[in-house]
Amino acid sequence: AVDDRRRAVRLRGDALPDGLMGRIRPGHQVKLVDLSRGGALIDSARRLLPGTHVDVHLELGEDRHACRARVTRCGVSHLDAQVVIYRAGLAFDREVEWLMKGREPTTE
C-alpha cells in the first residue's frame, strides 16, 4: 500500500457542492475534479505550465474565494479530434476555509 501524504482531506466528484464554479484568470472556466483546503485537481481547455502561478476564483452561491496557486503538474487528460483537455494539480497559496466547513469527515 502507498502512504497517502496529503495534508488535507479531498472532496471528489459527487462530494463537491452543487453549483461550485471554478475559473482561472482571465475568466477561463475549469472543471473541479477534486478539492481540498490546500489545493485542487482541475480539468481545463488551457495548458498550464508546472511551476507557474495562476489566479484561481471559486464561487458557491454568495461565497467567493480568490487566491494564487502554483501549478504542480499538468498533462493531457482527454484527447479527441476536436478537443484537448488538460488535467492540472494546483497548490493554493492560502487555504480555502469557507468551502470545506462541515464537509470534511471527522477523524473521531
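The figures that follow rest on heavy atoms only: side chains count, while hydrogens, waters and symmetry mates do not.
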Any idea which heavy atoms bring V71 and L49 closest together, and the distance?
CB-O, 3.5 Å
Rounded to the nearest 0.5 Å, what's the gap from CG on D43 to OH on Y86? Could you check?
12.5 Å
Please say whether more than 12 non-hydrogen atoms of neighbouring residues, nucleotides or ligands are located less than 6.0 Å from CZ in R68.
yes
Taking C-beta and beyond as the side chain, do R94 and H65 meet within less than 4.5 Å on heavy atoms?
yes
Quick one: closest heavy-atom pair of G61 and R64, and the distance?
O-NH1, 2.6 Å
Is the closest side-chain heavy-atom distance between L90 and V54 below 4.5 Å?
yes
Rounded to the nearest 0.5 Å, how far apart are CD1 of I24 and CG of L48?
6.0 Å
So which atom in V33 and which in R87 form the shortest heavy-atom distance, rounded to 0.1 Å?
CG2-NH2, 3.6 Å
Hydrophobic cluster membership, L60 vs L41, 4.5 Å side-chain cutoff:
no
Closest non-hydrogen atoms of L35 and A40, given as atom of the first, atom of the second and distance, are CD1-CB, 3.8 Å
H53 versus R70, side-chain donor and acceptor atoms under 3.5 Å:
no
Between A69 and F92, the two heavy atoms sitting closest are CB-CD2, 3.9 Å
Looking at every non-hydrogen atom in both residues, tell me the closest pair between R23 and V30 and how far apart they are.
N-CG2, 4.0 Å
Rounded distance (nearest 0.5 Å) linking atom SG of C67 with atom CG of L58
7.0 Å
Side-chain donor or acceptor of R47 paired with backbone N/O of S44 under 3.5 Å
no
With sequence neighbours excluded, tell me which residues meet side chain to side chain contact (heavy atoms under 4.5 Å, CB included) with D80.
H78, Q82, V83
Are I42 and V56 in one and the same hydrophobic cluster, where Ile, Leu, Val, Met, Phe, Trp and Tyr link if side-chain heavy atoms are under 4.5 Å apart?
yes
Using only atom types and a distance under 3.5 Å, with no angle test, would you say the side chain of T72 pairs donor to acceptor with the backbone of G89?
yes
